Structure formats: structure tokens, C-alpha cells
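Working notes, structure below.
Index from 1, following the sequence. Quantities reported herein were computed from a predicted structural model and do not represent experimental measurements. Worth knowing before you read on, the calculation uses all heavy atoms, side chains too, and leaves out hydrogens, waters and symmetry mates.
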Amino acid sequence: MQYGAAAEQAWYMPVVAPSSSTVETAAERVERLASESAVVVFSVSTCCMCHAVKRLFCGMGVHPTVHELDLDPRGRELERALACLLGASGASAAGAPPVVPVVFIGGRLVGAMDRVMAAHINGSLVPLLKEAGALWL
């Protein structure tokens, strides 16, 4: 019976309680999330440009990890951290252009929709995806 065997082996697995002194900043969280998959898209579920970039990758046979900022309790903080990475100083102010989508490939910042589309058009997107292990063709 495998259930019993699994229960017997579980006794040695350490349980690590999160320490209040090791709270992850928004910038650290962005960096960690961006490095966990070959292609990471920070998005907002109602954003048409975010939808377009996700469709672009899916159409190429790439399945990015998508983090929907509007569904994340710390989404606003992450959006501000992404704005800083992109160099948009007042991106969270009223009337400022949206920050998303923001794309990371191989843990490196590619940029927003304009940079992704430019890389796609000039032919540099496919080599980036291959190098990151997201595309095998």
C-alpha cells in the first residue's frame, strides 16, 4: 500500500515556517518569478496587449508562465517594481500608460509589448526562445 509508505517517509521532511524577518520585496519577487520559467509574462487579465503577447507565444508553440497582476494580492507592488525595471518613473500614477505586459525570457528582461514585437519582427525572438529552452525548432 503506497499511502502507508508515503506516510512513513514523510516524517523526515522539514517544515520551514516563514520568518517575518525574511519578507520578500516586490523587486525580489519579480526577480524570483522571472527566473523560475523559460518565458514569464507579467500581465493583467483584462489587457488586450497582454492577451496579444500571450497569443504570440502560444502561436509559436511556447507556453509562458503568466502572472496576472490583477489577481495577485501584491499585484500593485509588483507592477511598481516592473515599472522601475522598465524605467517608467510615474507608471502607477493616474493617467500613466500601463506597464504590462512585461516579458522575461531566460530570466532576462526583454521588455514590454513593443520590445517583444520588435524582436519578433527582426528575427531575434526565436533565438532568444531557443537559448532559454522554450523552443526546440
Not counting sequence neighbours, which residues clear ring-ring contact (aromatic ring centres under 6.0 Å, His included) with Phe42? List them please.
His67, Phe104
Leu78 and Val100: same hydrophobic cluster, using ILVMFWY side-chain contacts below 4.5 Å?
yes
Please find the pair of heavy atoms, one from Val39 and one from Leu129, that lie closest to each other, and give the distance.
CG2-CD2, 3.5 Å
Decide yes or no for Val40 and Val103: does some side-chain heavy atom of the first lie under 4.5 Å from some side-chain heavy atom of the second?
no
Between Leu69 and Leu82, does the side chain to side chain contact (heavy atoms under 4.5 Å, CB included) criterion hold? Intermediate values first, please.
CA-CA 11 Å; Leu69 300 179; Leu82 290 165; 3.9 Å; yes
On a heavy-atom basis, the closest approach of Val99 and Ala83 is CG2-CB, 3.7 Å
Sequence neighbours left out, cut at 3.5 Å: what donor-acceptor pairs do the side chains of residues 26-35 make with other protein atoms?
unit_1	atom_1	unit_2	atom_2	d
Glu28	OE1	Thr25	N	3.0
Glu28	OE1	Thr25	OG1	3.3
Arg29	NH1	Asp72	OD1	3.3
Arg29	NH1	Asp72	OD2	3.0
Arg29	NH2	Asp72	OD2	2.8
Arg32	NE	Glu24	OE2	2.7
Arg32	NH1	Glu36	OE2	3.0
Arg32	NH2	Glu24	OE1	3.1
Ser35	OG	Glu31	O	3.3
Ser35	OG	Arg32	O	2.9

Say whether Val102 and Leu85 are linked into one hydrophobic cluster, either directly or through other cluster members, by side-chain heavy-atom distances under 4.5 angstrom.
yes
Is there side-chain contact between Ser43 and Val66, with heavy atoms separated by less than 4.5 Å?
yes
Would you please test Glu68 and Ser45 for side chain to side chain donor-acceptor pair (under 3.5 Å) and show each step?
CA-CA 6 Å; Glu68 300 290 359; Ser45 59; 4.8 Å; no
With sequence neighbours excluded, give me every side chain to side chain donor-acceptor pair (under 3.5 Å) pair touching residues 99-119.
Arg108-Glu131
SG-CZ distance between Cys48 and Arg55, expressed to the nearest 0.5 angstrom:
14.5 Å
Is the CE atom of Met49 crowded by more than 12 outside heavy atoms at less than 6.0 Å?
no
Give the cluster check for Val62 versus Met117: same hydrophobic cluster or not, with ILVMFWY residues linked at side-chain heavy-atom distances below 4.5 Å.
yes
Between Thr46 and His51, is the side chain to side chain contact (heavy atoms under 4.5 Å, CB included) condition met? List the steps.
CA-CA 8 Å; Thr46 58; His51 179 74; over 6 Å; no
Identify the two heavy atoms, one from Ala38 and one from Ala134, that lie closest to each other, and give their separation to 0.1 Å.
CB-CB, 3.8 Å
Would you please test Glu77 and Arg80 for salt bridge (Lys or Arg N to Asp or Glu O under 4.0 Å) and show each step?
CA-CA 5 Å; Glu77 294 173 47; Arg80 283 191 291 273; 5.6 Å; no
Taking the side chain as every heavy atom from C-beta outward, state whether Leu128 and Leu135 have any pair of such atoms under 4.5 Å apart.
no
Evaluate Leu125 against Met60 for side chain to side chain contact (heavy atoms under 4.5 Å, CB included), listing each step before the verdict.
CA-CA 10 Å; Leu125 184 59; Met60 297 173 77; 4.0 Å; yes
Heavy-atom closest pair (Gly111 atom, Val116 atom, distance to 0.1 Å) is O-CG2, 4.2 Å
Honestly curious: do Ile105 and Leu86 fall in one hydrophobic cluster under the side-chain, below-4.5 Å linking rule?
no
